[in-house]
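All remarks here apply to the structure that follows.
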Amino acid sequence: MAKPKIEPRLPKGMRDFLPGDMLKRDYVFGVVRDVFHLYGFEPLQTPVLELYETLMGKYGEDAEKLIFRAQHPGGKEELALRYDLTVPLARVVGQYQNEIVLPFRRYQMSPVWRGERPQKGRYREFYQCDMDIAGAVGQDADAEIVSLVATALRRLGFTRFSVNLNNRKLLTAVGVYAGVDGAALSELYRSIDKFDKIGADGVRDELIRRGLSAEVVEKIMRLITLELPRDEKLDFLDEMMGEIPIAREGINELRQLQTHLRQLNIPDENYGFDFTMVRGLGYYTGPIFEAIIPDGGVGSVAGGGRYDDLVGLFRGETIPTTGGSLGIERIIDVVEQFGLFPDHIAGTVVQTLVTVFDNSTRSESVALAGELRAGDVRTELYLQDKPIGKQIGYADKKGVLIVALLGADEIANGVVKFKRLKDGTEITVPRAEAVQAVKKLLQ
RNA sequence: GUGGCUGUAGCUCAGUUGGUUAGAGCGGUUGAUUGUGGAUCAACAGGUCGAGGGUUCAAGUCCCUUUAGCCACCCCA
């Protein structure tokens, strides 16, 4: 074999999805899309490229170093690949004030790009599945998002999962309670967020290392590591911090959220409170959530929360907004890991391969393929000149369920023979009944 | 940005304290079998051993540099 002139390879952190992968991905995207529609969310698509200035100043300094710049020679606009779907949404809500009626529910399933060092489960191009409601203040809106996430996970076949709830306002209150604010507060969040990874002792050590007094650290630890039944956690927080206005606000919001989730019939075991859960993005202002699948080994599979100030950056007024994102790449991994793909997601879309015996029968095979397609049978016509055994072998390797055999004998008798490969069943039927016969064999 | 591991056939990988012509499995092609696949058997094709430099009589193997990939940290989905 001659060495190819160009070595085939991908840019760092990019992936190809071969047909077998795509069929699985399309299935997951399809389930999720149906759930979006079920909850009344409308599709939105925005360009891959945004003006650089649209993206700047939204994600924080570190994140912005990861934004891909995009330019063509002589280009006058400063362009960049979108970093997420939330900022484009905010731009859209600011830009189409005549067309968009609030509250605006939209979803978007699209790739985003980040110039990070790739590693397991992290790529430079990956899909996000975002749903957001712009222009809704109440916790009924937050509950819609959480409920949607729970429904999507259920429909994908997960039963044991938990949506963990917290509130940015409570985290702020913890800071007040502990006498920490400003930059030290975000450091504090960062440490608390590591709770899952390094445990209570690890967090305690880190907080002390950050210069907090032992007394303050103990106060914080007691608050965030509550080992209480869910329904008592908020009461306890209320007792401890109820005097702090922002805490009272946060607690009330979570109470309302919980009430709405009950009304929406979300099973009790599928949500709970976790006051160590922080969420990275800086723009959250109210209730936040993260969905975890036990034993999934991938961290959270969905997350989101309320961010009341972001959209206002693109519009003269504040538009309270809440939303979330399904970690679709991780979800696909876990669906695979748990074996939750339905049987009909096979390695091919082809239901029937029409074989060609030789050039004298080719036109009849072509005609048969046309007839099967007219009958809505997904049909591939064999395109090379090879022995019939090779053609059947090709179908078998590819995972095609049925082959159509149409030789001189069959043509002379006006019939066609179908063979189901998994069990070798063969039936011969008149041409007029071909579609019917295939559909029967497929069952 | 920091650290660790790994680069040998299309893919997954062996390759001994340095020693003659670098191997296996899978995959590919052809045939045993010109109207019937999976199994088996046989044959064939396919390699500047990531790149560059060094040590040595001799380097896939040892040393240095470099590059790419993977993993962990940071951060995040």
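Since the model is a prediction, treat every value here as computed from it, not as a measurement. By convention in this document, chain letters (A, B, ...) are assigned in the order of the sequence lines, proteins followed by strands, and residues within each chain are numbered from 1.
- Side-chain to base pairing of A/E116 with B/rG1: no donor and acceptor N or O lie closer than 3.5 Å to each other.
- When each of A/L406 and A/R122 is assigned the nucleotide of RNA chain B with its nearest heavy atom, A/L406 is the one assigned upstream, toward the 5' end.
- Distance from the side chain of A/R330 is smallest for B/rA77 among the nucleotides B/rA77, B/rU36, B/rC74.
- Rounded to the nearest Å, the gap between the P atom of B/rC26 and that of B/rA22 is 23 Å.
- Using bins of under 30°, 30° to 60° and over 60° for the plane-to-plane angle, the ring pair A/Y83/A/Y59 lands in the tilted bin.
- When the side-chain nitrogen and oxygen atoms of A/Q128 are compared with OP1 and OP2 of B/rA77, none of them lie within a distance under 4.0 Å.
- Applying the ring pair (Phe, Tyr, Trp, His ring centres under 6.0 Å) definition to pairs two or more places apart or across chains, those involving residues 362-407 of chain A are A/Y382-A/Y394.
- Between the C1' atoms of B/rA9 and B/rU29, the separation comes to 15 Å (whole Å).
- In RNA chain B, stems built from 3 or more consecutive Watson-Crick or G-U wobble pairs, each with both distances under 3.5 Å, span B:1-7 with B:67-73, B:10-13 with B:23-26, B:28-32 with B:40-44, B:50-54 with B:62-66.
- An aromatic stacking contact between A/Y394 and the base of B/rG37 is absent, as defined here by ring centres under 5.5 Å apart and ring planes under 30° from parallel.
- Residues A/Y123 and A/P118 both approach RNA chain B. Their nearest nucleotides, taken by heavy-atom distance, put A/P118 toward the 5′ side.
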Distances under 3.5 Å between nitrogen or oxygen atoms of protein and nucleotides 26-29 of chain B:
| residue | atom | partner | partner atom | Å |
| --- | --- | --- | --- | --- |
| B/rG28 | OP1 | A/K397 | NZ | 2.2 |
| B/rG28 | OP2 | A/K397 | NZ | 3.4 |

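- When the C1' atom is used for both B/rG25 and B/rA77, the distance is 37 Å, rounded to whole Å.
- Annotation: cation-pi geometry not satisfied between A/R106 and A/F41 (NZ/CZ under 6.0 angstrom from ring centroid, within 45° of ring axis).
- Geometric assessment of A/R114 against the ring of A/F68 yields a negative cation-pi assignment under the 6.0 Å and 45° thresholds.
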Collect all protein-nucleotide pairs involving nucleotides 3-6 of chain B in which both atoms are nitrogen or oxygen and the distance is under 3.5 Å.
| residue | atom | partner | partner atom | Å |
| --- | --- | --- | --- | --- |
| B/rG3 | O6 | A/R117 | NH2 | 3.2 |

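- Taking the side chain of A/F357 as heavy atoms from C-beta on, and the options B/rC76, B/rG35, B/rA72, the nearest nucleotide is B/rG35.
- If you take NZ of A/K65 and P of B/rG1, they are 10 Å apart, rounded to a whole angstrom.
- Of the residues in residues 414-429 of chain A, those lying under 4.0 Å from RNA chain B by heavy-atom distance are A/K417, A/K419, A/L421, A/G424, A/E426.
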Which protein N or O atoms sit under 3.5 Å from an N or O of nucleotides 66-69 of chain B?
| residue | atom | partner | partner atom | Å |
| --- | --- | --- | --- | --- |
| B/rG69 | OP2 | A/K12 | NZ | 2.8 |

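- Under the 30°/60° scheme for interplanar angles, the aromatic rings of A/H37 and A/Y107 are found to be tilted.
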